[in-house]
Number of protein chains: 2
Amino acid sequence: MMAGMTSPDHAPHEPLPADVFARGCSSRGALQHLTGRWGALTIVALRLADEPLRFSEVRRRVDGISDRMLSQTLGDLERDGMVVRTVHSTIPPHVTYALAPLGLRVADPLQQLTAIIESELPSVLEARALYDESH
Amino acid sequence: MMAGMTSPDHAPHEPLPADVFARGCSSRGALQHLTGRWGALTIVALRLADEPLRFSEVRRRVDGISDRMLSQTLGDLERDGMVVRTVHSTIPPHVTYALAPLGLRVADPLQQLTAIIESELPSVLEARALYDESH
DNA sequence: CCGCATCCGCCATGATACTG
DNA sequence: CAGTATCATGGCGGATGCGG
């Protein structure tokens with residue numbers, strides 16, 4: 001029994017069990033991996049690169065991420081089918097990460113989101129200044 | 001595009017465009033408020049409601065959120081200009097939250113993201129099962 | 001060297017209780 | 001009803017070390 005809002009789900013074809021608003025739904029976990037501190041930036045970095053990136057290249061693009069968090073983030077995303085990890089048997093060995101088809105789909109809204117935030121940052125800063133004045 | 005390309009040498013106070021990939025950029029904070037644990041769900045809940053919601057209504061829709069986190073999340077979003085808080089001087093007192101224009105813009109990609117995750121949850125679960133088999 | 005696992009300090013989170 | 005205050009905890013992230 002899922003607690004949560006009763007969404008106006010009038011899907012005539014098939015039931016949609018997934019509900020990100022439901023506390024126990026697995027989609028929450030998947031969303032968290034994408035919207036967590038580093039998930040979105042990692043996905044968008046891979047999207048903007050438009051080619052497989054090595055571990056250190058992702059780390060360089062996602063400024064400030066630690067090895068540990070990058071490793072964990074990529075692992076979570078790979079497990080969820082968002083990222084494909086490829087080991088190249090060369091010398092020295094060489095591992096690349098690329099977006100899986102599913103990762104490419106979620107990358108689209110994530111990139112839109114980062115683009116909006118970047119372009120609207122002045123508005124955000126202005127709103128913060130106003131807010132801080134009266135609080 | 002400039003995203004991800006933190007030029008190695010540049011003037012420190014140059015009016016550079018916002019870059020979510022840069023460690024110190026304020027846009028990181030704004031992104032974090034939106035992609036944090038509760039930010040996206042709160043925004044999308046307000047978007048789906050399509051009308052101002054009371055504190056307790058948001059809490060009911062965003063299943064599992066605590067008073068403390070909802071208060072903090074709404075406060076952060078209000079400060080960033082994403083949400084408008086309105087106090088109605090009635091008895092009992094009545095406070096509603098609605099999306100500001102900027103919040104409405106970011107709600108669009110966020111809602112797309114949640115929709116993709118919900119519809120693709122079976123793929124995610126299948127990917128996880130495959131991953132867990134070989135790890 | 002690159003990728004990733006372990007130890008540990010710290011902050012965000014959450015449960016509970018209290019206030020306007 | 002709409003929050004705020006206090007305290008306990010777990011996840012985050014840095015430093016370090018190991019394995020390929």
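Naming convention: chains lettered A, B, ... in sequence-line order (proteins, then strands); numbering from 1 in each chain.
- B:Asp76 has its CG atom 14 Å from the P atom of D:dG3, to the nearest Å.
- Here the rule is side chain to side chain contact (heavy atoms under 4.5 Å, CB included) with A:Arg61, and of A:Leu53, A:Thr42, A:Leu48, A:Val44 only A:Leu53 fits it.
- Remark: P of C:dG3 and NE2 of A:His88 are 11 Å apart, rounded to the nearest angstrom.
- Nearest to the side chain of A:Trp38, among D:dG13, D:dG3, C:dC4, sits D:dG13.
- Here the P atom of nucleotide D:dG10 and the CD atom of A:Gln32 are 17 Å apart, to the nearest Å.
- Computed from coordinates, the A:Asp67 CG to D:dC12 P distance equals 16 Å when rounded to whole Å.
- Phosphate contact (OP1/OP2 of D:dG3, side-chain N/O of B:Tyr97, threshold under 4.0 Å): present.
- For A:Ser66, the listed nucleotide lying nearest its side chain is D:dG14; candidates were D:dG14, C:dG14, D:dG3.
- Computed from coordinates, the A:Arg28 CZ to C:dT13 P distance equals 14 Å when rounded to whole Å.
- Side-chain atoms of A:Ser56 lie closest to C:dG3 of the nucleotides D:dG3, C:dG3, D:dA2.
- Shown are A:Leu41, A:Leu46, A:Thr96, A:Ile65; of these, the side chain to side chain contact (heavy atoms under 4.5 Å, CB included) with A:Val58 is made only by A:Leu46.
- In this entry the distance linking CG of B:Leu53 with P of D:dA2 reads 11 Å, nearest Å.
- Using modelled atom types, one finds no donor on one side chain facing an acceptor on the other under 3.5 Å when comparing A:Gln32 with A:Arg28.
- We find that CZ of A:Arg68 is positioned 10 Å from C1' of C:dC7, with the value rounded to whole Å.
- With DNA chain D read from its 5' end, the first of the two nearest nucleotides for B:His94 and A:Met69 is the one closest to B:His94.
- Side-chain proximity of A:Arg54 to the nucleotides D:dG13, D:dG3, C:dG3 is greatest for C:dG3.
- Regarding contacts with the backbone of D:dT4, a side-chain N or O of B:Ser71 is found under 4.0 angstrom from either OP1 or OP2.
- Of the side-chain N and O atoms in B:Gln72, none sit less than 4.0 angstrom from OP1 or OP2 of C:dA12.
- Residues B:Thr86 and B:Pro52 fail the side-chain proximity criterion, which asks for heavy atoms closer than 4.5 Å.
- Sorted by first then second residue, the salt bridge (Lys or Arg N to Asp or Glu O under 4.0 Å) pairs that include residues 75-95 of chain A, not counting sequence neighbours, are A:Arg79-B:Asp132, A:Asp80-B:Arg128.
- When rounded to the nearest whole Å, the span between CD of B:Glu57 and P of D:dA2 equals 8 Å.
- At the heavy-atom level, B:Arg85 lies under 4.0 Å from the strands shown only through sugar-phosphate atoms.
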